Amino acid sequence: MATAMMVMPLASCSKWLDIIPEDTTVEKNLFSDAAGYYSAVNGIYQTLATDNLYGKNLSWGFASALSQDYDNYSINNSKAFSRTENYEYGSDEVKAYGEQIWQNGYNVVANANNVLKHIETVDEDFFPNIKFDDASLIKGEMLAVRALVQFDLLRLFAPSPKENASAKAIPYVKEYPSFFNERLTVGDVLANVEKDLIDAKDLLAEADTLKGLYEFESVSNLFQSTNTAGLFFSARGSRLNYFAVTALLARVYAYAGDLDNAYKYATEFKSWCSNDKCGYKYTEGWTDSDTPESRPHKLIDEIVIGFYRETLAVDYESVTSGTDGSTNSFALKGLGEIFSDSDDVRRLKLVYDNSLDVHVSLKYKTRKETGSRTIVVENRLVPVLRLPEINLIIAEYLVQNGRSDEAAELVNELRSARRCASNKVDASTVADAIGKEFRRESIAEGQYFFFCKRTGAAQINAGGVYIDMAGKYTMNIPDSEITLN
């Protein structure tokens with residue numbers, strides 16, 4: 001789906017953005033024609049989907065362990081993530097994951113900035129596709145990429161704005177090469193993320209909303225190569241398109257504690273969907289006769305941001321093939337406590353119970369391939385942001401503004417889509433229900449930890465055991481970066 005790009009090499013210590021390619025001729029050749037830019041952009045998306053970033057660490061792996069999805073330390077302290085689930089940030093295990101995320105994250109940022117630097121020099125007629133304005137499209141996506149990655153680095157390696165918006169956080173890097181990078185405050189990093197995403201949204205708007213580049217018959221269509229303009233312009237659902245950026249802005253503002261703007265962008269996103277401009281909707285079609293292998297476990301119609309990885313299902317199976325709790329580091333914990341509704345399809349349809357009662361999320365297990373392109377894509381897609389989060393952000397805003405009845409309607413709409421026919425939420429229970437629904441929705445997607453962090457939750461529900469989170473929400477800056485100011 002993507003062509004490999006020249007990835008800028010990394011060095012140890014604080015050299016993650018200091019490396020100019022050894023062969024500058026290679027770099028000049030890469031950006032000498034449109035195909036080189038397409039290759040560079042596609043390569044960046046490939047890197048985002050690797051184990052070290054959203055292909056595992058920032059989704060169903062490390063971030064989900066932080067979210068208390070897996071039952072590791074209570075069974076066997078030698079299993080993967082056992083130290084992570086204890087929030088032992090000084091342990092070798094957690095330090096290693098932190099280094100992987102930090103180094104690879106800033107490598108992506110460096111490559112995005114390199115593309116942005118070069119594209120500023122191209123002439124108007126450099127790109128062949130005048131209709132879709134290749135330059136604006138590439139600029140918009142690369143701004144969104146560097147904002148997304150540095151936002152997630154902020155969420156891991158700095159206090160939340162609710163805790164301390166003026167605390168020193170991480171560098172926000174906008175140039176390539178970048179030789180000196182000072183840590184900004186939490187608030188300043190968020191301001192940079194906000195600006196990049198708004199600029200990206202403006203750049204992507206024309207192509208994705210007015211010129212028909214974002215074509216769909218269903219959302220699954222958006223993750224497939226269907227656009228007649230060429231391969232680079234296809235499968236917009238696996239790219240940071242206009243709608244994805246709009247939804248990401250809602251997540252960013254919610255994290256910043258600005259629910260007014262979070263609501264603004266969340267409702268803007270939903271208004272496009274209601275006008276049939278984008279096809280996101282809750283997954284339908286559950287049947288009692290579904291086998292585990294045939295169920296729509298990724299809920300593809302709900303994925304707003306998702307990165308494509310060719311070998312995802314195979315790679316997942318290779319590390320979750322253990323048949324008992326002593327070897328399976330991805331056995332889910334506390335499902336009976338988390339899913340209190342007996343008719344909830346998230347418990348009945350998305351989780352597999354083997355004979356030893358070890359629970360494994362079907363979100364990443366291979367769906368039986370029947371020749372359907374939708375199923376093939378679903379098996380290879382990493383969910384990063386889905387529709388339910390947008391609706392829950394709106395519900396959160398409504399509660400804050402004395403509109404709990406409307407919030408309850410939204411939450412019940414989600415619960416109805418999950419077939420929770422009983423125990424309807426009302427105005428008096430909706431505030432508590434928002435957190436519970438977010439917990440159920442984000443299993444094996446790594447977002448519950450960040451939800452708890454941004455809301456300042458004093459405890460995290462670890463399958464019925466409540467963990468005191470005082471001092472446990474912020475990871476240490478990697479040891480290799482001790483020279484940062």
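If you read the sequence from its start, that first residue is 1, and numbering goes on from there. All of these numbers come straight from a predicted model, not from anything done at the bench.
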Looking at [X] and [Y], does any basic side-chain N land under 4.0 Å from a carboxylate oxygen?
{"X": "Glu182", "Y": "Lys168", "answer": "no"}
{"X": "Lys139", "Y": "Glu120", "answer": "yes"}
{"X": "Arg386", "Y": "Glu389", "answer": "no"}
{"X": "Arg418", "Y": "Glu302", "answer": "yes"}

Where at least one partner belongs to residues 148-159, residue pairs that pass salt bridge (Lys or Arg N to Asp or Glu O under 4.0 Å), sequence neighbours excluded:
Asp152-Arg155
Give a yes or no answer on whether the side chain of Asn164 reaches the backbone of Ser166 with a donor-acceptor pair at less than 3.5 Å.
yes
Less than 3.5 Å apart, any donor N or O on the side chain of [X] or [Y] sitting next to an acceptor on the other?
{"X": "Tyr308", "Y": "Arg380", "answer": "yes"}
{"X": "Glu413", "Y": "Asn391", "answer": "no"}
{"X": "Tyr38", "Y": "Asp134", "answer": "yes"}
{"X": "Tyr263", "Y": "Asn401", "answer": "no"}

More than 12 foreign heavy atoms under 6.0 Å from NZ of Lys162: is that the case here?
no
Hey, what's the ring geometry for [X] with [Y], parallel, tilted or perpendicular (30° and 60° as the breaks)?
{"X": "Tyr265", "Y": "Tyr253", "answer": "parallel"}
{"X": "Tyr316", "Y": "Trp60", "answer": "perpendicular"}
{"X": "Phe81", "Y": "Tyr97", "answer": "parallel"}

With a 4.5 Å heavy-atom cut-off, do Trp272 and Asp208 have their side chains touching?
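The answer is no; the side chains never approach within 4.5 Å.
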Are the side chains of Tyr106 and Val149 in touch, meaning some heavy atoms are under 4.5 Å apart?
no
Test the Arg239-Phe232 pair against the cation-pi criterion, namely NZ or CZ under 6.0 angstrom from the six-membered ring centroid and within 45° of the ring axis.
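Yes, Arg239 sits over the ring of Phe232.
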Is the Lys NZ or Arg CZ of Arg454 less than 6.0 Å from the centre of Tyr255's six-membered ring, within 45° of the axis?
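That pair does not qualify as a cation-pi contact.
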